[in-house]
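What follows is a single structure, written as structure tokens, with notes after it.
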Amino acid sequence: MRRVAVVGASAAGLAAAETLRRAGFDGTLTLVGDEPHAPYDRPPLSKQFLSGQWTPGRLALRTPADLDALGLDLRLGTAATQLDLTGRTVWLADGSRVPYDGLIVATGVRPRRLPGDEGAHVLRTLDDALALRDRLKPGCRLAVVGAGFLGAEAAAVARRLGARVTLLEPAPVPLAHAVGTEIGRLLSQAHLDHGVELRTGVTVAEVTGGGVRLAGGEVVEADEVLVAVGALPNTEWLADSGLPVGDGVLCNAYCEAAPGVYAAGDVARWINPLFGASMRIEHRTNAAEQGMAAARNLLAAPDARRPFAPVPYFWSDQYDMKIQAYGFLRGHDEVTVVDGDLAERRFVAAYRTGDRLTGALAVGMPPRAVRPWRQAIAGGAVWQEAAGTPAA
């Protein structure tokens, strides 16, 4: 193998490129990115960067010298438009072609849009965050459509900057599908305590010139609108390529989508053997870990590859709350507080799916309080045994 192409120049793609070099690959390594910026970190966009605490330079994942040391054929500001799986070639928007012997797809996701929302903000890229940050002035009326973690983080920052925030969510309880109804209500209460107008059970039909129109016809007036209603995997460029696609690039447990082709990060849907489930994870830690795993398996002999079986991890900062979670919380059957107190917003909750411990979430607790639960999840702990284990 003398030529490897990594399509996607964010956390997963960069981790893959660095792993390839560390593993001794000294051939041509092409890293393709559709944005003009060198690889940067996305989670701070809705937190430290949106609040003005961080400058664009602080988002960089590596210094220019570090990137130069990788000896990359770096193609930034040029999206991949087509994959010729038989001819082992990636076509780019500028008409150039990138031949490869091995390919790692790390093209990430893009925000979902709403009807008429061309003038609304989304929050995925550095340029998105810059545009929104410039508009968040004291007294600005901001409507946030979607009270998931991204929308909630942006709402919290906007309130801290003095904006008047309306948070609109179709579900009765924000985040209940992921964290459970009781914890979803607790997290929602924090917004109410900080002066956010939270409206649940409402559906936004369209974005208008002066705000948003709800399904019933009511107009919620706003100076700025942020649409945070989820994301779609960037797989359009793979149409008719023969690569299996369905809510992401479909991979096996090794992150392999086809012979010599692997996927990593937000765009990858793979079989996680630890949970026995197909999953696509849009979290920063998973992106880096999966990029490394895909690179190692690409270079390895078939019988030396290792399944990618992580305990997913994510975190969120909202007001004075630090939220940390391990595992796969969606679709859980039971959630139980195992340490601390919900009322104090300082607790650890454990999640059961079937007879297994599958997740743990902490709010306002030190990392050492939740790490043992990660270890238990990784070990395939049975719920009845794990639920009685002190998180310390």
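Excluded from the calculations below are hydrogen atoms, water molecules and symmetry mates; all remaining heavy atoms, backbone and side chain alike, are included. We're numbering straight along the sequence, starting at 1. As the structure is a computational prediction, the values presented were derived from the model and not from experiment.
With sequence neighbours left out, H37 forms a side-chain contact (heavy atoms from CB on, under 4.5 Å) with E35, Y40, L126, D127. For R280, the side-chain contact (heavy atoms from CB on, under 4.5 Å) criterion is met by V109, P233, D247, R269, E282, not counting sequence neighbours. The salt bridge (charged side-chain N to carboxylate O under 4.0 Å, His left out) search around D84 returns none, not counting sequence neighbours. Applying the side-chain contact (heavy atoms from CB on, under 4.5 Å) test to A69 and every residue at least two apart in sequence or in another chain returns nothing. For P170, the side-chain contact (heavy atoms from CB on, under 4.5 Å) partners are T203, not counting sequence neighbours. Partners of Y262 under the side-chain hydrogen bond (donor to acceptor under 3.5 Å, both in side chains) rule, at least two apart in sequence or in another chain, are R305. For the side-chain hydrogen bond (donor to acceptor under 3.5 Å, both in side chains) test, residues two or more places apart in sequence or in another chain that qualify with Q290 are N286. Taking the side-chain hydrogen bond (donor to acceptor under 3.5 Å, both in side chains) definition, one finds that K322 meets it with D317, sequence neighbours left out. Under the side-chain hydrogen bond (donor to acceptor under 3.5 Å, both in side chains) criterion, T30 pairs with D73, sequence neighbours left out.
Sorted by first and then second residue, the ring-ring contact (aromatic ring centres under 6.0 Å, His included) pairs involving residues 84-116 (not counting sequence neighbours) form an empty list.
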Distance-only check: which donor-acceptor pairs under 3.5 Å involve side-chain atoms of residues 173-185, not counting sequence neighbours?
residue, atom, partner, partner atom, Å
H177, NE2, R330, NH1, 3.3

Considering only distance and modelled atom types, tabulate donor-acceptor pairs under 3.5 Å from the side chains of residues 11-18, sequence neighbours left out.
residue, atom, partner, partner atom, Å
E18, OE1, R62, NH2, 3.0
E18, OE2, R62, NE, 2.6

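Residues W270 and F308 bring their aromatic ring centres within 6.0 Å.
Salt-bridge check for D128 with R124: failed, with every basic side-chain N at 4.0 Å or more from each acidic carboxylate O. Comment: D223 engages R141 in a salt bridge, judged by a side-chain N to carboxylate O separation of less than 4.0 angstrom.
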